[in-house]
Amino acid sequence: MARPNDEVQALLQEYADLVAITGGDAFKARAYEKAARAIGGYPADIATLDAAGLREIPNVGRSIADKVTEYLRTGKMTVVEERRAKIPAGVRELIAIPGLGPKKALRLYEDLRIASVSQLAAAIEADALADLKGFGEKTQENIRHGIELLRRAGGRVPLSVALDTAEEIVAELSRVTGCRRCAYAGSLRRMRETVGDLDVLVAAQRSDAFMAALSELPATAEVIARGTKKTSVRTAKGLQVDLRVVPPQSWGAAMQYFTGAKAHNIRTRTIAVHQGLKLSEYGLFDTESGRSLASRTEEEVYARLGLPWIAPTLREDRGEIEAALHGELPEVVTDKDIRGDLHTHTDLTDGLAPLEEMVEAAAQRGYRYYAVTDHAPGLSMQRMTDEKILAQRERLRELDGTRRRMRLLHGTELNIGPDGEVDWPAEFLAGFDLCVASLHSHFDLGRAAMTRRLVRACENPYVSILGHPTTRLIGRRQGVDADWDAVFAACARTGTALEVNAQPDRLDLGDEDILRAREHGVRFAVNTDAHAVPHLAYLRYGVGIAQRGWLTPDDVINTWPLTRLRRFLRKGR
DNA sequence: GCCGTTTTCGGCCCGACTGTTTTCAGTCG
């Protein structure tokens, strides 16, 4: 889904890198980075904005607005082209190597004309860096290692993998004598869909035992750095883990510091500076006297800055600071708000567990309602028939009587055909309590055809939820191309909910699309699409993504009481 | 290059670690 905002974000980020490499003003480079992020995360399509509108975007001033305008008009930014002419693209690639920044990249290029990662690798092999200032033996070894990692990984791991690893490490370190608190922070606590590295915090008086414990974990493959305050290791799976040990009285400040995205932290620190304060991982201090004003809890730190506590999933500098200052932070949806799952499968199609087991597991979770939505005949490998689904409905109605607290809904996951048609005729669909409709094929229609297809599915009076709307698979498959603003508008107009599919390799819609869809007044359903009993627990990932999309319980139909939900599902029929 | 209760200039987050130019620059998060 490359929209102009994303293209401009990439271009401005490239320009920032080139400025940093060519030794320009570091603050100028940072200014472009900030603008790039702001434009990438801006909800409105920048192609619809004029120069004044562009300057409404934070960190976009006259100069950058002009460059964006030029790009929107001509498809080019002259200044970027000029810098590209001076610095080959391969030099920019060099700074992706861990341990190699803009300064060293420039030196390599100027002194040795090295202009690609492979040239650098060859130069190290040929021992051509020996006489280069700042490139001692150790540095060369680190670069060689960095290139290896870059080639192997590509970096980030899925949220679910990171969470499993983090929970194991936290459990291990919590057992170490002297551990007062232990938790993970970073992008994992913010529930980003993929995680680059783990940030683990320990509160304790002495650090050595924790540094040793982390270094010696079975999962630890190598120790990258080890000090008294910080130790970094890499696991066998290639995931970097940074451990910080802080004094117990600094716990809240450290959690605040290591949880927020960089941009969020810059904002909170700037607020501190304006109040004559200094915010670090050790606490909030009076700049003049050095006296500590708050540090024990995150609440205390935010409060002393004049802010309410901000949910970790919001700490991205996507407007949460402004919302907090104006008392307009959303009360984001939590696991506890979810009253039921509206997209699940059984072994009647491709699920693993029989109806009874799925229903029992759902009841154990304390749900007030639960929908079974097996695949429809259009997905022919599932061999669904009218008879089979009607027999399932009969069995489900029997079970429904046995569950006092949890009501059962009978549904199906329809297939959206190339023209937006679905599997069964209206009179048969009328027999279901709800229909989810999803794309399972024909992913490469053109944008216009795909948009028509999705809009037509929304217009079907029996389709209540659009399942995994973009159909992306994280790290494996791009989402389909459509005019999403048109699709979101159609959802809002027709009363069709968008799914936030909680499968960890889908997380579809993702947070940025949720933020956009929300602008259209759409409702959402956070569903697990469970194909087995353990999948029901994926809900936490979906809720995390929903929070990152600023959704409140009112936005999410499966937090609603059953009567309100049923009214929504009928779409005014 | 952006921004403004420090308001059109002068600041921009800040601490930790590594390697090496051994007193500090570069990189990272």
Side-chain angles (χ1 to χ4, degrees), chain A residues 12 15-16 19-21 23-39 54-68 79 94-108 129 131-143 145-146 185-188 190 195-201 207 211 223-233 240-246 250 253-254 256-285 287 305-306 317 325:
Chain A
L12 292 176
Y15 189 61
V19 168
I21 291 169
D25 181 7
F27 291 114
K28 181 170 161 181
R30 187 189 291 174
Y32 276 100
E33 279 185 22
K34 282 156 75 173
R37 258 188 53 80
I39 288 172
L54 288 169
R55 293 191 60 181
E56 294 283 299
I57 303 173
N59 300 308
V60 176
R62 179 185 305 279
S63 171
I64 292 181
D66 284 350
K67 292 179 173 76
V68 173
V79 288
L94 295 179
I95 65 174
I97 299 169
L100 206 164
K103 298 285 188 294
K104 285 196 163 78
L106 184 64
R107 170 144 291 151
L108 288 167
L129 269 51
D131 295 329
L132 204 57
K133 208 176 168 189
F135 290 79
E137 207 171 297
K138 203 69 210 269
T139 300
Q140 289 193 46
E141 181 48 41
N142 287 344
I143 290 173
H145 189 57
S187 56
L188 177 58
R190 298 200 309 277
V195 173
D197 54 34
L198 297 182
D199 295 291
V200 179
L201 292 188
S207 68
M211 302 315 189
V223 179
I224 302 164
R226 179 160 165 185
T228 56
K229 307 209 160 138
K230 173 183 172 178
T231 289
S232 298
V233 304
Q240 181 170 328
V241 184
D242 294 335
L243 170 65
R244 300 291 293 237
V245 181
V246 298
S250 296
Q256 197 279 331
Y257 183 91
F258 289 109
T259 297
K262 191 174 176 176
H264 176 91
N265 288 353
I266 290 172
R267 296 294 307 277
T268 50
R269 289 186 159 219
T270 304
I271 290 172
V273 168
H274 287 319
Q275 298 178 17
L277 310 176
K278 187 182 70 125
L279 181 59
S280 76
E281 59 264 56
Y282 298 109
L284 184 60
F285 301 92
T287 309
L305 290 172
D317 191 24
L325 287 169

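Below, each value reflects all heavy atoms present in this structure, side chains not excepted, and no hydrogens, waters or symmetry copies. Keep in mind that this is a model prediction, so the values were computed, not measured. Order of the sequence lines fixes the chain letters, A, B, ..., with proteins taken first and strands second; residue numbering starts at 1 for each chain.
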*Listed nucleotide nearest any side-chain atom of A:Lys278, set B:dG15, B:dG29, B:dC12*: B:dG15
*Identify the nucleotide, in any strand shown, that forms a Watson-Crick or G-U wobble pair with B:dT8, with both distances under 3.5 Å; if there is none, say none.*
none
_Using a distance-only criterion (donor-acceptor N/O pair, under 3.5 Å, no hydrogens), is the base of B:dG29 paired with the side chain of A:Tyr257?_
yes
*Considering only B:dT27, B:dG29, B:dG1, which nucleotide approaches the side chain of A:Tyr32 most closely?*
B:dG1
*asked:* Using atom P in both nucleotides, what's the gap between B:dG26 and B:dT20 to the nearest angstrom?
replied: 14 Å
*May I ask you to evaluate whether A:Thr139 reaches the phosphate of B:dT18, defined as a side-chain N or O under 4.0 Å from OP1 or OP2?*
no
*What nucleic acid atoms does A:Ile97 come within less than 4.0 Å of, heavy atoms only: base, sugar-phosphate, or nothing?*
sugar-phosphate
*Name the closest nucleotide to the A:Lys138 side chain, picking from B:dG1, B:dG19, B:dG29.*
B:dG19
*Please tell me which of the listed nucleotides, B:dC2, B:dG15, B:dC17, lies nearest to the side chain of A:Lys230?*
B:dC17
*Could you check which of B:dG29, B:dG15, B:dT27 has an atom nearest any side-chain atom of A:Asp199?*
B:dG29
*Which of the following nucleotides, B:dT18, B:dC2, B:dG29, is nearest to the side chain of A:Asn142?*
B:dT18
*How is A:Phe27 classified with respect to the nucleic acid when contacts are heavy atoms under 4.0 Å: base, sugar-phosphate, or nothing?*
base
*Where the side chain of A:Asn59 is defined as all heavy atoms beyond and including C-beta, which of B:dC3, B:dT21, B:dT27 is the nearest nucleotide?*
B:dC3
